[in-house]
Amino acid sequence: MIEVPATFLAMPRWWTATAAEEQWLADLPRLVDARCRRWDLTVDGPPLHGSNALVVPVRRAGSPAALRLTPPDDDTAALSTALEFWRGHGVVGELEADPAAGVLLLERLDPHRSLARQPLDVAFAEIGRIARRLAIPAGDDVAAGVGRVVDDVARLTPRLRPAWEHLGRPFDPGVLDLAADAAAVILAGDRDPVAVNTDLHFDQVLRDRDGRWCVVDPVLRRGDAERTAVNVLWHRVDEMTDREIPGWFDVLVEAARLDVELARAWALWRVTDYWVWGLDNGLTEDPPRCARLVAALG
């Protein structure tokens, strides 16, 4: 039986765990053992983890793989759908799936070789190319049931100013004007939707056994590839001076072959929306980051 890492049990995700989640955590060693017997797997090392999932290195018929487990009520089905949709386009390979149980068997990647460990020039160019690879057509006929990112803009933009008022007008109202203009750019036109990984960032891009970069845990939505630019920038903005931010944004836009005006509009809208949300939810570190990005890109 495996030993569940104490660091996994201490993750913030479990601070407000339900009774069912607490039971799942307690049952994890037994669940791993049962799944290994069911899928003819052998544990091949100590478990690893992110914030929500336990990942156990395993072997099947001598080949390395990774057993990923989350509570059954997590949206493993959506992840499995995303992996199947993007199969062959730079995501980790799915070998077996039991979404109802929260269990996936994936190809083994190297957890110690992520793009987060690469210098900015290497990481930004590579993740930009990955974003472009993921941007495959995703109309209703090929991605039925997958949500559209522009719907977020249409739904949330009218709520920004009332929320800002409720918070006591915590920043310059000109920021809201920028966000409103950005929303108008995003909602204008009739662009063909592509697949968008709305959680693309450097820690979730790992090397496979052949040295290729692969995306793990993608979140599949439909819309503009430009939606991903600010997400990517956000995860390494602390490594940049204020004056460097626009230049790195441009590097990403060029590497991903994005429309610069649309990417900037998505960035300003996303950051403003998150700024308001963060203040409303008591965040202390992220609102100053939002202020830096708006000042740099606005």
Side-chain angles (χ1 to χ4, degrees), residues 13 48-55 65-71 73-99 102-111 113-118 123-140 142-152 193-210 212-236 252 255-258 263 266 270 274:
R13 161 68 194 273
L48 305 169
H49 67 85
S51 57
N52 302 316
L54 188 74
V55 179
L67 186 65
R68 182 187 188 275
L69 302 96
T70 59
D73 58 350
D74 275 24
D75 206 352
T76 305
L79 173 57
S80 181
T81 296
L83 294 176
E84 286 300 314
F85 184 86
W86 272 311
R87 183 180 290 273
H89 291 273
V91 299
V92 64
E94 181 184 81
L95 307 176
E96 296 276 3
D98 186 352
V103 183
L104 299 177
L105 184 66
L106 308 172
E107 69 174 309
R108 178 98 61 91
L109 303 180
D110 188 342
R113 300 173 69 195
S114 76
L115 273 183
R117 296 171 178 257
Q118 297 294 318
F124 269 61
E126 190 62 48
I127 206 166
R129 288 190 287 268
I130 290 169
R132 177 46 50 189
R133 285 189 67 189
L134 296 177
I136 59 178
D140 291 334
V142 295
V146 177
R148 303 189 313 158
V149 292
V150 294
D151 291 343
D152 299 338
V194 299
V196 181
N197 177 8
T198 56
D199 195 29
L200 179 64
H201 61 83
F202 303 95
D203 284 306
Q204 292 189 347
V205 182
L206 307 176
R207 292 278 197 190
D208 69 7
R209 288 187 293 166
D210 296 322
R212 295 169 299 196
W213 293 110
C214 291
V215 177
V216 299
D217 288 351
V219 177
L220 176 60
R221 303 284 300 282
R222 294 190 299 137
D224 300 319
E226 287 77 8
R227 162 69 168 72
T228 63
V230 74
N231 279 48
V232 172
L233 183 71
W234 175 271
H235 283 271
R236 299 195 64 170
L252 180 62
R257 305 201 305 275
L258 305 176
W266 268 111
R270 284 275 300 143
Y274 184 56

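All values derive from a computational prediction rather than experimental measurement. Along the sequence shown, the residues carry numbers beginning at 1.
- Annotation: ring-ring contact (aromatic ring centres under 6.0 Å, His included) contacts involving residues 214-234, sequence neighbours excluded, comprise W234-Y274.
- For the pair V92 and E107, the tightest heavy-atom approach, listed with the atom from each and the gap, is CG2-CG, 3.3 Å.
- With respect to R108 and D208, no salt bridge is recorded, no charged nitrogen being found less than 4.0 Å from a carboxylate O.
- Within the 4.5 Å cutoff, no side-chain heavy atoms of F124 are placed close to those of Q118.
- Annotation for H89 and R133: closest pair C-NH2, 3.5 Å, computed over non-hydrogen atoms.
- The shortest distance between side-chain heavy atoms of L109 and R207 does not fall below 4.5 Å.
- With hydrogens and angles disregarded, no donor-acceptor distance shorter than 3.5 Å links the side chain of D210 to the backbone of R212.
- Here the side chains of L67 and V55 are not in contact, with every heavy-atom distance at 4.5 Å or above.
- With rounding to the nearest 0.5 angstrom, the CZ atom of F85 is 12.0 Å from the CG atom of N197.
- Contact annotation: the side chain of L200 approaches that of V205 to within less than 4.5 Å [non-hydrogen atoms, C-beta and beyond].
- R221 places a side-chain N or O within donor-acceptor distance of the main-chain N or O of R148, the cut-off being under 3.5 Å.
- Using a cut-off of 4.0 Å between Lys/Arg side-chain N and Asp/Glu carboxylate O, D110 and R209 are scored as not salt-bridged.
- The residue from V149, I130, V196 that alone fulfils the side-chain contact (heavy atoms from CB on, under 4.5 Å) condition with T228 is V196.
- Contact between W213 and R113 at its shortest, heavy atoms only, is CZ3-O, 3.4 Å.
- The shortest heavy-atom contact between L220 and W86 is CD1-CH2, 3.4 Å.
- Atom OG1 of T70 sits about 15.0 Å away from atom NE2 of H49, to the nearest 0.5 Å.
- Of the possible donor and acceptor atoms, none in the side chain of S80 sits under 3.5 Å from a partner among the backbone N and O of T76.
- Proximity of R270 to N231: side-chain heavy atoms (C-beta onward) are separated by under 4.5 Å at one or more points.
- Among residues two or more places apart in sequence or in another chain, the side-chain hydrogen bond (donor to acceptor under 3.5 Å, both in side chains) test is passed with R87 by E84.
- Taking both residues in full, the closest heavy atoms of S114 and L206 are given as CB-CD2, 3.4 Å, listed atom of the first, atom of the second, then distance.
- Contact check on R227 versus D224 returns no salt bridge, with no Lys/Arg side-chain nitrogen under 4.0 Å from an Asp/Glu carboxylate oxygen.
- You'll find the side chain of L79 reaches within 4.5 Å of the side chain of P218, heavy atoms only.
- Here the CG-CG distance, from D75 to N52, works out to 12.0 Å after rounding to the nearest 0.5 Å.
- Heavy atoms only, all atoms of each residue included: A229 and A263 are closest at CB-CB, 4.5 Å.
- For D203 (side chain) and A116 (main-chain N/O), no donor-acceptor pair under 3.5 Å exists by modelled atom type.
- L104 is listed as a side-chain neighbour of E94, based on a closest heavy-atom distance under 4.5 Å.
- Between the SG atom in C214 and the CG atom in L83 there is a gap of 11.0 Å [rounded to 0.5 Å].
- P71 has its side chain within reach of R13: a pair of non-hydrogen atoms, C-beta onward, lies under 4.5 Å apart.
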